[in-house]
Amino acid sequence: GRVRRATGIVSTICDDRGEEPTYGGVAISDLMAAERGIGDAISLLWFKRDLPRWATRFIELVLVLCADHGPCVSGAHNTIVAARAGKDLVSCVASGLLTIGPRFGGAIDGAAQVFLDAHDRGLEPDEFVADMKRRGLRIPGIGHRIKSADNMDQRVKARNLVLNVDGAVANAFLDLWASSSSFGREEIKEMTQIGYLNGLFVVARSIGLVGHSLDQMRLKQPLYRHPWDDTAYYCE
Ligand code: Q5B
């Protein structure tokens, strides 16, 4: 009989072989006809299922909330410096995206992992904090360079616990997963480990980074050079 060769790629989210692509099995013309939005596209392409409207609306809310936070944060700063060095749009955005990590914007998955683990171990919040301190670990999703109980982050709105936006998104998403019957326990754990939630920040902040790049180009800003008087030189 015929011997089948193993395929070089396995893909399960988008089928482009027909007249139009399908996202998680749904034709894009059906998505258009039903006036469905970016939350639905993410739901089908990432979560591979049709999530209810409240869940897709929440995804969209996170995207709006995290789209930008001004020119001074790590990502926007890198994008602005790259744009002023004459780089193209994609390079400027990539330069900004590459700053997303455990200290900036990419603490969402880490926060979800430690919050979920603490919940599963039945730890009270103070026990959780003491445990992290004992292990010498910073709590992802807590703390902010400029926000504090005296200078509240309106995206988070908590005075008592200084959750940052990463921690707030992580918490709310764990609640979303737990209250939706669509997700199993192991699946939720895996999603916190392979980057689903940091992915939301990447998509959201790309909107702002494109904006900053275009802004600098439109303003025809010259090459950036950091001033000497703002640099501490400790050279031999
Ligand atoms: N301490 C965010 O640090 C920051 C602690 C902690 C235990 C903590 C810090 C941190 C976890 C990572 C995280 C997401 C680096 C932040 C974001 C998006 C953004 C950004 C924007 C946007 C800030 C001073 C003392 C030290 C530390 C202790 C601090 N955090 N202890 N757990 N989590 N958080 N990142 O203020 O005894 O003096 O050594 O790593 O969640 O990125 O808007 O800018 O939308 O773009 O510089 O919002 O919190 O403070 O590092 O000088 O620490 O507090 O151990 O104690 P800071 P540091 P000690 S949201």
Side-chain angles (χ1 to χ4, degrees), residues 9-15 21-26 28 31 36-69 73-75 93-94 96-121 128 132 137-144 155-156 163-210:
I9 290 179
V10 179
S11 175
T12 67
I13 62 170
C14 177
D15 191 340
T22 57
Y23 293 173
V26 181
I28 53 174
L31 290 174
R36 294 172 71 186
I38 189 69
D40 295 289
I42 289 178
S43 151
L44 291 165
L45 289 170
W46 295 14
F47 298 105
K48 297 183 33 170
R49 71 205 75 183
D50 247 331
L51 290 175
R53 180 69 189 132
W54 63 265
T56 59
R57 178 75 196 98
F58 175 71
I59 291 172
E60 288 164 6
L61 187 146
V62 170
L63 296 182
V64 174
L65 199 71
C66 297
D68 197 37
H69 206 211
V73 304
S74 305
V93 173
L97 286 177
L98 290 176
T99 65
I100 296 176
R103 293 183 191 164
F104 168 68
I108 314 182
D109 285 304
Q113 285 164 24
V114 294
F115 295 162
L116 187 63
D117 178 63
H119 173 268
D120 288 350
R121 289 194 286 144
F128 164 63
M132 293 293 278
L137 298 174
R138 286 191 177 204
I139 303 172
I142 303 277
H144 195 275
R155 298 172 299 177
V156 174
L163 270 182
N164 58 44
V165 72
D166 289 25
V169 170
N171 250 332
F173 240 94
L174 286 175
D175 283 348
L176 183 153
W177 280 329
S179 55
S180 158
S181 51
S182 306
F183 301 97
R185 195 81 193 143
E186 281 309 305
E187 191 182 13
I188 292 173
K189 200 168 170 187
E190 185 185 36
M191 287 189 291
T192 68
Q193 287 166 346
I194 64 173
Y196 272 75
L197 301 181
N198 288 349
L200 281 177
F201 192 89
V202 169
V203 170
R205 195 49 62 94
S206 294
I207 298 169
L209 298 182
V210 170

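- Panel note: side chain Asp166, backbone Ala107; a donor-acceptor pair is recorded below 3.5 Å.
- A donor-acceptor pair under 3.5 Å is absent between the side-chain atoms of Asn198 and the main chain of Gly195, judged by distance alone.
- In this structure, the separation between CZ on Arg49 and CG on Leu44 is 10.5 Å, given to the nearest 0.5 Å.
- Closest of all the heavy-atom pairs between Arg138 and Met132 is O-CE, 3.5 Å.
- A search for side-chain contact (heavy atoms from CB on, under 4.5 Å) contacts involving Thr192 returns Ala112, Gln113, Leu174, Trp177, not counting sequence neighbours.
- Residues satisfying the side-chain contact (heavy atoms from CB on, under 4.5 Å) test with Asp15, not counting sequence neighbours, are Arg17, Thr22.
- Looking at every heavy atom in both residues, Leu209 comes nearest to Val93 through CD1-O, 3.8 Å.
- A donor-acceptor pair is defined here as one N or O able to donate and one able to accept, closer than 3.5 Å; such a pair exists between the side chain of Arg205 and the backbone of Cys66.
- Note: Ile108 CD1 to Asn171 CG = 11.5 Å, rounded to the nearest 0.5 Å.
- Other residues, nucleotides and ligands contribute at most 12 non-hydrogen atoms within 6.0 Å of the OH atom of Tyr23.
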Q: Take Ile13 and Lys48 through the side chain to side chain contact (heavy atoms under 4.5 Å, CB included) test and state the conclusion after the steps.
A: CA-CA 7 Å; Ile13 62 170; Lys48 297 183 33 170; 3.8 Å; yes
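- In this structure a side-chain-to-backbone donor-acceptor pair under 3.5 Å is missing from Thr56 to Gly39.
- Side-chain atoms of Ser43 come within 3.5 Å of backbone N or O of Leu51 as a donor-acceptor pair.
- Between Tyr196 and Phe173, the gap from one ring centroid to the other reaches at least 6.0 Å.
- By the 6.0 Å contact criterion, CZ on Arg103 is open, its count of non-hydrogen atoms from other residues, nucleotides or ligands being 12 or less.
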Q.
Run the side chain to side chain contact (heavy atoms under 4.5 Å, CB included) test on Ile139 and Phe128 for me, step by step, so that the C-alpha distance in whole Å, both residues' side-chain angles and the decisive distance to 0.1 Å come before the verdict.
A. CA-CA 9 Å; Ile139 303 172; Phe128 164 63; 3.9 Å; yes
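- Between Pro140 and Val114, the closest heavy-atom pair is CD-CG2, 3.8 Å.
- Remark: Phe201 CZ to Leu65 CG distance equals 10.0 Å, nearest 0.5 Å.
- Atoms OG and CG, on Ser206 and Leu97 in that order, are 4.5 Å from each other to the nearest 0.5 Å.
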Q: May I have the step-by-step check of side chain to side chain contact (heavy atoms under 4.5 Å, CB included) for Val156 and Asn164, ending in yes or no?
A: CA-CA 7 Å; Val156 174; Asn164 58 44; 5.6 Å; no
Q: Apply the test side chain to side chain contact (heavy atoms under 4.5 Å, CB included) to residues Asp68 and Ile207: give CA-CA distance (whole Å), side-chain angles for both, the deciding distance (0.1 Å), then the verdict.
A: CA-CA 7 Å; Asp68 197 37; Ile207 298 169; over 6 Å; no
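- Taking CD1 from Ile59 and CG from Leu176, the interatomic distance works out to 7.0 Å, rounded to the nearest 0.5 Å.
- Evaluation of the side-chain contact (heavy atoms from CB on, under 4.5 Å) rule for Pro52 yields Trp54, Ala55 as partners, not counting sequence neighbours.
- Lys189 contributes atom NZ, which lies 7.0 Å from atom CG of Asp120 (distance to the nearest 0.5 angstrom).
- Of the charged side-chain nitrogens involved, at least one lies within less than 4.0 Å of a carboxylate oxygen, so that Glu60 and Arg53 count as a salt-bridged pair.
- Here the side chains of Val62 and Arg155 are not in contact, with every heavy-atom distance at 4.5 Å or above.
- Looking at Asp50 and Arg36, a side-chain N of the basic residue comes within less than 4.0 Å of a carboxylate O on the acidic one, giving a salt bridge.
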